[in-house]
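Here is the structure we will look at, set down as structure tokens.
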Amino acid sequence: MSFRDPQWLWLLALLPAILLLARRGLATRRSEVASLVLWKKALAAIPSADISRRRAIPLSLWLWLLMFAALVLALADPEREVRGEARVLLLVDDGPRMEARDPQGRRRWESLQEKLGALLETMGNPRVRFETLAGGLGVEGSPAQIRSRLLAVQPARKGARLDRAIAIRQSSFSSFDAIVFAGDREPRWGESSPPAQLQTLLVGAPSQNVGWVGLFRANEGISVVARNFSSSTQSRSVVLEVAGRMLEERPLSLAAYESREISFSRDALGDPAATIRLEPTDEFSLDDFLRLVELPRELRVRIPAELPPALRKAFAAIPETRAVEVHGKPLPVETEAEIFLRDAPEACARPVLRMRLEGEVFSPRELRGRPGDDLGRLLGFEGVRVEAAHRPPAGSEPAQVLASASDAAGREWPILWREGEDLAIAFDLTRSDWDRHPSFPVFWAAWVEEIRLRRGAVENFLQPEQSDTNGVTRELGRLELPQGSGIRREPISDLLLLAAMLAFLGAAALEWRRK
Amino acid sequence: MNELFGPDFLRKLERIRLQVQRGRVARAGDRPSAETGEGLEFQDHRGYAPGDDLREVDWNAFARLGRLFRKRYRREEGEEMALLVDLSGSMQLGEPAKELQARLLAGAFAALALAAGARVRLLLAGRTLTASSFEGKGSVWPCLQLVNSAPAGGGRESLTQAFEILRESPRVLDLVVLSDALFPEGPDSLLEKLAQFRSRGHFVQLLQVLAPQERDPFAQGAFSRELVETETGVTLDWPGGESGAARYRRVFEEFCSGVESFGRKHGLFVTRAGSEESFDEPLLRALGETGA
């Protein structure tokens, strides 16, 4: 038996003191009498069974002590080791991404099934729980049973937020001796650490050779530019998935250092308001852009020194600018940058576009506006209207608000504030403004849907994509179960509480009977 | 002393004295005596004092001399009432303590006897034996003072000593004993002594002073205790329980009944006095039993 809170056990040191005090208390229960003659006569007439109740230390006192000891032990939260089967958890990403094919035409999912199946064969005989993160499957069985089940499962039609799917299961991780995550990308653990017993199997890995250079969306459809950074021909395919539904798959073969724009028609897109996701093949990584589309984090934009007229006008007050960056990748704007904005779904995280300033540009002053106000006028610009303002992401309320605006409900929202070296602007525009402001000056909303670049700017934009995934296919040859697998620690404080209660009842009954 | 023998005591005592005087005074001839049938022999005259029985007045002498004289009879000659008060350690038990009642009763007896012209030998058997004789009304107060101040406590030694003194005294004595009769060896030792005195022709009266906690120790509920005998320190584990309590009560009643029946058998007057009672109640009972 072990104790999770052993510090409470120090209270047991009080037991001898309690016993001593109780004996003293018993000893003080004395009475003086003139003569014992009558008492002895009365005692002689009492049946021996009644006399046996009188002990040096009454049984009831022992029971009180037992109750105290049981309560102290229960406070110390004891556990006992129970030997049972080892338990293994298989968490499998069965999202639509697993439908992507490798250059040999094999689906990512099939690779995963094969690798995971091999792992199950070498696992021994633990109890396996198999859960899919997108499809929501959850079954338990022997490795052989799970292997059969795995072969029968197909990727789900709709993807799942991996980190969210992991998070809701985290509370159960401690009951498993080993956890295997299988997918095509590492799950994010957020602020918590990955579980100690985690082992990862990855199929497919982004290549450093080919990267996406831009994700664009136009009213007519969607265009993607891809560039091969390697010196050899790379064959890929691009999978277009809309709202978890795979729409198209296009083979792509890029010669050395070739760039190509791939367009998908608007018809193929279906509802343009739906989330667009471009699913890479096993060597493409679209993580950054996927996040841009689904959950934009941060779009750092630096305004180039050579501003086109429209931009220059907008940034007249910001002399020190460099270049437009998209996720850290500088976007040299040679001609015009048109930034289209759209309403962001309420449920999305809302990153803030930042304008890096190398000098003090705005002196802190509070600007107040209302929906419909000309923010450009307030800030010294023209042609920009405030329709609505949104708060910065939760937890990042700015300390130095430079401008705020009120929405229709009369709530005030910061729309311009300073964050370190950055000046942050947050507001957004309705779609209707796109029509009114086709060449929109550079006010970025919380949601940037796309940045359209003229074709001529593409070549200068090319850089190898930095993926923040681990970037390699991770093999998992044999699952090693840690020492002590199958040993469960069961709390037994309930038993001790029951014992304490029984001791209490027994002592109380004896005291009552004594009286 | 005022607390013990204060105005309340004196008031009640006077009431009793008057009652006694109005009632029949127990005479020697009325008392059970080995000399039953023998008459009283005139001894001499004593001056009459207010409160003396008018029936004892020698009217012939009054007619001759114009003064009141009381006849004294041979029986009265050297009559001495011995008051033996047990103030041993066991008498200090009880709430109220038995010794207080014993002192009150002793004081009352002594005062009544002195007021009636008797000679009183007081033996207070406590930590030490305090003995003294008193005579006449003028000695009531010193007598009460002695009763009040005699040290209590100790064992049976001074009581034994007192009996020795009494045994060696040649004078005819009426003996009044105030005790609980709860001796470590049992009541028999005391009762036997009293029976011996009675057999020599003395009037013997035992006022058995008992505390309510001795009559019923379980009035607050049955208990389990270690019992300690006051005078010897011997202990006894009492296991408790209702059955034990019932048995004790039965044994105690048997004890008291035994003392009374012993008294009846041997011609002793036995009166029970509770320490919680007002002294006049057991006193009247005792006087009533003796016909006083």
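All heavy atoms count here, side chains included; hydrogens, waters and symmetry mates do not. Within every chain, numbering begins at 1; the chains are lettered A, B, ... in the order of the sequence lines, protein sequences first and strands thereafter.
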Looking only at heavy atoms, the pair that brings Leu43(A) and Asp237(B) closest together is CD2-O, 4.1 Å
Which pair of non-hydrogen atoms, one from Ser35(A) and one from Phe183(B), has the smallest distance, and what is that distance? OG-O, 2.8 Å
So does [X] have more than 12 non-hydrogen atoms from other groups sitting under 6.0 Å from [atom1]?
X: Glu95(B); atom1: CD; result: no
X: Phe504(A); atom1: CZ; result: no
X: Lys41(A); atom1: NZ; result: no
X: Arg149(A); atom1: CZ; result: no

Would you list the pairs meeting side-chain hydrogen bond (donor to acceptor under 3.5 Å, both in side chains) in which at least one residue belongs to residues 96-110 of chain B, sequence neighbours left out? Lys98(B)-Asp180(B), Lys98(B)-Glu214(B), Glu99(B)-Arg103(B)
Could you tell me which residues satisfy salt bridge (charged side-chain N to carboxylate O under 4.0 Å, His left out) with Arg80(A), sequence neighbours excluded, listed by chain and number? Glu490(A)
Is there a donor-acceptor pair closer than 3.5 Å between any side-chain N or O of Glu32(A) and the backbone N or O of Val228(B)? no
Which atoms of Thr235(B) come close to chain A, meaning under 4.5 Å heavy atom to heavy atom: side chain ones, backbone ones, both, or neither? both
Heavy-atom cut-off 4.5 Å, strictly under: side chain, backbone, both or neither for Glu231(B) against chain A? neither
Is the shortest side-chain heavy-atom distance between [X] and [Y] below 4.5 Å?
X: Val33(A); Y: Thr230(B); answer: no
X: Lys40(A); Y: Leu236(B); answer: yes
X: Leu38(A); Y: Leu182(B); answer: yes

Tell me, which pairs form a salt bridge (charged side-chain N to carboxylate O under 4.0 Å, His left out) where one or both residues lie in residues 494-510 of chain A, sequence neighbours left out? none
Residues in residues 251-260 of chain B that sit under 4.5 Å from chain A, counting heavy atoms only: Val251(B), Phe252(B), Phe255(B)
If you round to the nearest 0.5 Å, how far is CH2 of Trp39(A) from CH2 of Trp238(B)? 6.0 Å
